[in-house]
Amino acid sequence: MENLESILTEHPFLKDLDKKYIQLLVGCSSNVVFKTGDFIFREGEPADSFYFIRHGRVLIETHIPHKGTIMIRSREEGEILGWSWLVPPFRWHFDARAVELTRAIALDGKCLREKCDEDHDLGYEIMKRLALIIAEGLEATRLQLMDVYGNSTKE
Amino acid sequence: METAQKNRGIGKSDEPMLTEPFSIRRIRKETFDTFSLELESGRSGGGFAFSPGQFNMLYVYGIGEVPISISGDPTGKKVLIHTTRAVGTVTRAMWKLKAGDTLGIRGPYGTGWPVEKAVSNDIVIVAGGIGLAPLRPVIYHALANRDKYGKVVLLYGARTPEDILFWKELEKWRSRFDMEIHITVDRATGNWRGNVGVVTNLISRSPFDPRYCIAMVCGPEIMMRFTILELQKRGISDESIYISMERNMKCGIGLCGHCQLGSSFVCKDGPVYNYGQFKEIFGRREM
Ligand SMILES: Cc1cc2nc3c(=O)[nH]c(=O)nc-3n(C[C@H](O)[C@H](O)[C@H](O)COP(=O)(O)OP(=O)(O)OC[C@H]3O[C@@H](n4cnc5c(N)ncnc54)[C@H](O)[C@@H]3O)c2cc1C
Ligand code: FES
């Protein structure tokens with residue numbers, strides 16, 4: 001069976017991260033499995049985990065009164081899920097629901113913050129990688145907002 | 001960019017603007033505002049040779065003429081297919097036509113997708129919205145000549161699940177082992193369980209070899225701009241990227257200058273351009 005260290009080493013988010021840091025992260029990690037339909041987190045709940053998806057698909061959603069659930073983004077194998085554990089008030093802003101059997105590594109947010117505070121080199125590595133993902137997410141959101149395909153559906 | 005070898009060339013003799021009547025054999029409603037017309041020529045012998053990526057001028061009698069790409073199978077089928085989104089005067093009038101009605105057609109015009117240059121390479125097709133229609137002939141061609149190509153990958157983005165074109169065919173192609181299809185929507189509600197996010201998100205994890213690959217991109221210009229950036233990040237050279245441009249057209253044959261883009265005419269030098277040769281013009285605001 002693969003151990004946490006080898007799974008983390010292979011995850012694209014941690015590509016080329018020094019082995020000693022991977023070993024530090026193992027101390028904050030656990031294997032998690034979500035069945036189809038399971039909520040991984042819900043809007044407003046404490047954001048205490050950072051997920052590295054190994055397999056499956058997760059939809060990030062929000063609920064709008066009178067409009068129902070709107071799916072905003074999906075996350076799949078090789079991607080990360082959630083960064084609200086990083087920024088106060090450490091609460092999720094959206095729901096995340098597994099739409100397939102999903103396996104992930106969950107890193108404890110508090111533990112990870114402490115490790116990053118203790119070792120700023122590790123902190124910088126994690127922030128650099130997260131900044132890239134946040135920037136990509138921002139760009140993608142802008143494109144979504146531009147509604148580039150035009151007002152084609154009835155609504 | 002490639003042009004039809006056996007171009008039958010309606011309206012290309014002494015009277016280049018002359019259209020030929022085609023009757024509508026079948027109308028297929030693709031989405032809320034998009035439809036496909038299957039057209040047949042009255043001429044005996046039939047057939048309509050074209051290269052994937054080329055377009056025709058379609059004349060709705062008494063209303064006007066619009067350029068529409070050919071979305072059907074280029075491998076010798078008798079029926080000519082156009083997939084159109086109803087956005088304005090002519091396309092809305094076209095939407096109202098019935099089976100048995102007649103349209104005036106001239107073409108095919110313009111440059112095609114580089115299906116010959118892509119031989120022995122992976123093909124990556126990135127389509128956004130109605131942009132899948134001009135690329136569908138590439139898929140037909142690649143699947144009919146499957147052993148000539150490496151991987152065939154389709155990355156398709158639509159606004160919502162209800163806006164996805166050619167559902168049945170996508171499902172059929174997806175079940176093949178020799179083609180990869182990834183679909184994403186900008187937003188979804190209901191029972192959707194697929195990808196949500198912009199089509200550019202699909203590029204980084206798509207299984208093609210950027211060194212031996214030809215990318216063909218069609219969709220709104222802003223989507224093509226961001227797609228090119230992602231393809232470049234994956235290491236595809238600008239010369240291996242092809243895009244299809246749209247400009248308002250009148251003559252469709254390089255006479256009136258209506259479709260001018262920089263020093264080129266989209267109707268004649270395009271609509272398919274090599275990005276490496278076209279990048280100085282592409283995305284410039286004043287163009
Ligand atoms: C080479 C080429 C190939 C094309 N292939 C296709 C195709 O396969 N399928 C297809 O549906 N269209 C295609 N188009 C676009 C199509 O030609 C136009 O949508 C059409 O000319 C619009 O004419 P209209 O009279 O219906 O609209 P107009 O009355 O001229 O326009 C009405 C309104 O619609 C807007 N509009 C015009 N064109 C578009 C557009 N493309 N998208 C969104 N809004 C628009 C205008 O800004 C205007 O506000 C192609 C264009 C070119 C140049
Ligand atoms: S439409 Fe007349 S030159 Fe292109």
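A note on names: the letters A, B, ... follow the listed sequences, proteins ahead of strands, and every chain is numbered from 1. Please read all numbers here as calculations on a predicted model, not as lab measurements.
Of the atoms belonging to A86(B), not a single heavy atom falls under 4.5 Å from chain A. Contact of I72(A) with chain B is made through the backbone alone, with heavy-atom distances under 4.5 Å. In this structure, the portions of T189(B) lying under 4.5 Å from any heavy atom of chain A include both its backbone and its side chain. There is no contact between T141(A) and chain B, counting heavy-atom distances below 4.5 Å.
Between L59(A) and W192(B), the shortest heavy-atom distance links the atoms CD1-O, 3.5 Å.
Interface check for chain B: of the options E79(A), M146(A), E100(A), the most heavy-atom pairs under 4.5 Å are formed by E79(A). Ranked by heavy-atom pairs shorter than 4.5 Å toward chain A, the options A188(B), G219(B), G129(B) are led by A188(B). Among the candidates G137(A), S74(A), P12(A), G68(A), the residue making the largest number of heavy-atom pairs closer than 4.5 Å to chain B is S74(A).
Open room surrounds NZ on K110(A); 12 or fewer heavy atoms of other groups in view lie less than 6.0 Å from it. The neighbour count for R113(A) CZ, taken as heavy atoms of other residues, nucleotides or ligands under 6.0 Å away, is above 12. Atom CG of D117(A) has more than 12 neighbouring heavy atoms from other residues, nucleotides or ligands inside a 6.0 Å radius. Within a 6.0 Å radius of CH2 in W95(B), more than 12 heavy atoms belonging to other residues, nucleotides or ligands are found. Surrounding CZ of R28(B) are at most 12 heavy atoms belonging to other residues, nucleotides or ligands under 6.0 Å away. A 6.0 Å sphere centred on OH of Y124(A) holds no more than 12 heavy atoms belonging to other residues, nucleotides or ligands.
Residues of residues 201-209 of chain B lying within less than 4.5 angstrom of chain A, judged on heavy atoms, are N201(B), R205(B) in numerical order.
Within the 4.5 Å cutoff, the side chain of Y149(A) has no heavy atoms near those of the D163(B) side chain. The shortest distance between side-chain heavy atoms of R187(B) and D147(A) falls below 4.5 Å. At a threshold of 4.5 Å between non-hydrogen side-chain atoms, the residues N195(B) and R57(A) count as touching.
Formation of a donor-acceptor pair under 3.5 Å by the R193(B) side chain with backbone atoms of V99(A) is found in this model.
Only one option out of M71(A), Q144(A), R73(A) pairs with D186(B) in a side chain to side chain contact (heavy atoms under 4.5 Å, CB included); it is Q144(A).
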